[in-house]
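Per chain, numbering begins at 1; letters A, B, ... match sequence-line order. All values derive from a computational prediction rather than experimental measurement.
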Protein chains: 2
Amino acid sequence: MAKRNQRLSRDVIVDCAMALADAEGLEAVTIRRLAQENGVTPMAMYWHFNDKEALLDALAAHLVEAVKLPPPSEAPWDAQLRDVLEAIAVALRPHPAVAGMAARQVLVADAGLELTERVLALLAEAGLEPRRAAEVATFLFCSVVALVAGDPGQREVVTPEDLEDRLRLKTATLAALPPTRFPHLIAAAPGLVSCFGQDDFFDLNLDLLVQGVRGIR
Amino acid sequence: MAKRNQRLSRDVIVDCAMALADAEGLEAVTIRRLAQENGVTPMAMYWHFNDKEALLDALAAHLVEAVKLPPPSEAPWDAQLRDVLEAIAVALRPHPAVAGMAARQVLVADAGLELTERVLALLAEAGLEPRRAAEVATFLFCSVVALVAGDPGQREVVTPEDLEDRLRLKTATLAALPPTRFPHLIAAAPGLVSCFGQDDFFDLNLDLLVQGVRGIR
DNA sequence: GCACCCGATGTACGTCGTACAGTTGGCGCA
DNA sequence: TGCGCCAACTGTACGACGTACATCGGGTGC
């Protein structure tokens, strides 16, 4: 800690905050902690950001800007939509702790506007009129965020083996339920406790969203 | 404030916290504030809850238990699934500020287990094997939560006319974007800023989810 | 009438965000 | 070379937060 090898800037603060959130969760992102991490007084942060809200907004914007939008193609709208949603998920997945804040910058950050325009265009191509396209686009983004942010027991970040213990305990708890009342739940227990973060969880549910759009046309 | 007309209990604290969150947002739910609201010392809360996390868990559980699960019927699985998802949305909608915490009690609270069992049964009826059903059920719940919690500019709660001003401003900002780059976005601007909380927003996107499940079978 | 113990109090500590005022170091310009 | 300015940072302080720990009062059961 206490690096102080370079001048402070919005970017290095945001990068530091992101790393901190990834490593120790969003609640570790503290004005004082960020200052300490950069070998600087807490009040130094306020030269670069009006307040903590502004800092978190910048974090969220950073996330939105990390989305690598695939280039438009001649592929059918549903394939393209699937690619766009996947691109969002890919950008958010490394940062589940901050993903939940991404939605509030989608209509603010430049990259978010571009992203939204793209999705709306695809939805128009699918035959939705603007009003419904707006509602669906909004929901799609929130859903992808939910897909990533999820929320298993990830409130406090722990060591990998501790996490594994917790999952095993949770599975066991579910498996110990009365089998006559909860047959399906018991059968699905392993999947319920461990699906977050799995590749097939994302694949399956991104498909679900795209198929859902097909279904409501 | 300072009612002190009845003995404190978990239930009156939870009710008070819920009302507080509805009126002033989740950040207004504070140990000290709850104590003051009940005419009591902050430390009195700790007789009823181990810590604030436990209090918030109780809030979330309360929400999950508020879901009025429709009775099983002979209707096809998709119609029933739609009804169940709608029941969840109906229970959460009055409390958007706390809805985001509901997911972490779904596999803990009794009502949540019942709810999950029901959804898993319907998904099994739809032809999904347990593992995929688990993944889809998890996602469906998170999506409905996202549908309700959404996140417009609702971070700070404001007066209705102030909110209306803000929406108008946001719409105007979007409408002022370069029309050649953002044609769809401009056309959809009113819907984008005001869709949260609208009935048709819920209806449309619950349909999307159900259709999505149909699509991935 | 007495003891017990549930439910509350009182005090104190460390951490948070941040207001406000003071201080510096390096660059433009003389 | 020297001077002044202003962007960037420091120092101090305040109120609100969660909560550990010790204490206490009064209603209930004997």
Calculate the interatomic distance between [X] atom [atom1] and [N] atom [atom2]; express it in whole Å.
X     : N      : atom1 : atom2 : value
B/M45 : C/dG10 : CE    : P     : 14 Å
B/W47 : D/dT23 : CH2   : P     : 17 Å
B/M43 : D/dC24 : CE    : P     : 16 Å
B/L56 : D/dC17 : CG    : P     : 14 Å
B/N50 : D/dT19 : CG    : P     : 10 Å
B/E27 : D/dG18 : CD    : C1'   : 16 Å
B/I31 : D/dG15 : CD1   : P     : 22 Å
A/Y46 : D/dT10 : OH    : P     : 14 Å

Ionic contact status for A/R118 with A/E114, cut-off 4.0 Å: no
Under-4.0 Å salt bridge between B/E86 and B/R82: yes
Helix axis bend for the helix from C/dG1-D/dC30 to C/dA30-D/dT1 - C1'-based end axes, five pairs, 10° rounding: 0°
Short side-chain to backbone donor-acceptor contact, B/Q105 and B/A58, under 3.5 Å: no
Short side-chain N/O contact from A/H48 to OP1 or OP2 of D/dC9, under 4.0 Å: yes
Phosphate OP1/OP2 of C/dC16 contacted by A/T30 side-chain N/O (<4.0 Å): yes
Test side chain to side chain contact (heavy atoms under 4.5 Å, CB included) applied to A/V106 - qualifying residues, sequence neighbours left out: A/V64, A/T116, A/F141
Shortest non-hydrogen contact from A/C16 toward A/L34: SG-CD2, 3.8 Å
Listed nucleotide nearest any side-chain atom of B/K52, set C/dT9, C/dT18, D/dT19: D/dT19
Nearest-neighbour nucleotide for the A/R32 side chain, D/dC17, D/dA13, C/dT9 considered: D/dA13
From CG (A/L192) to CG (A/L167), nearest 0.5 Å: 12.0 Å
For A/F201, ring-ring contact (aromatic ring centres under 6.0 Å, His included) partners two or more places apart: A/F196
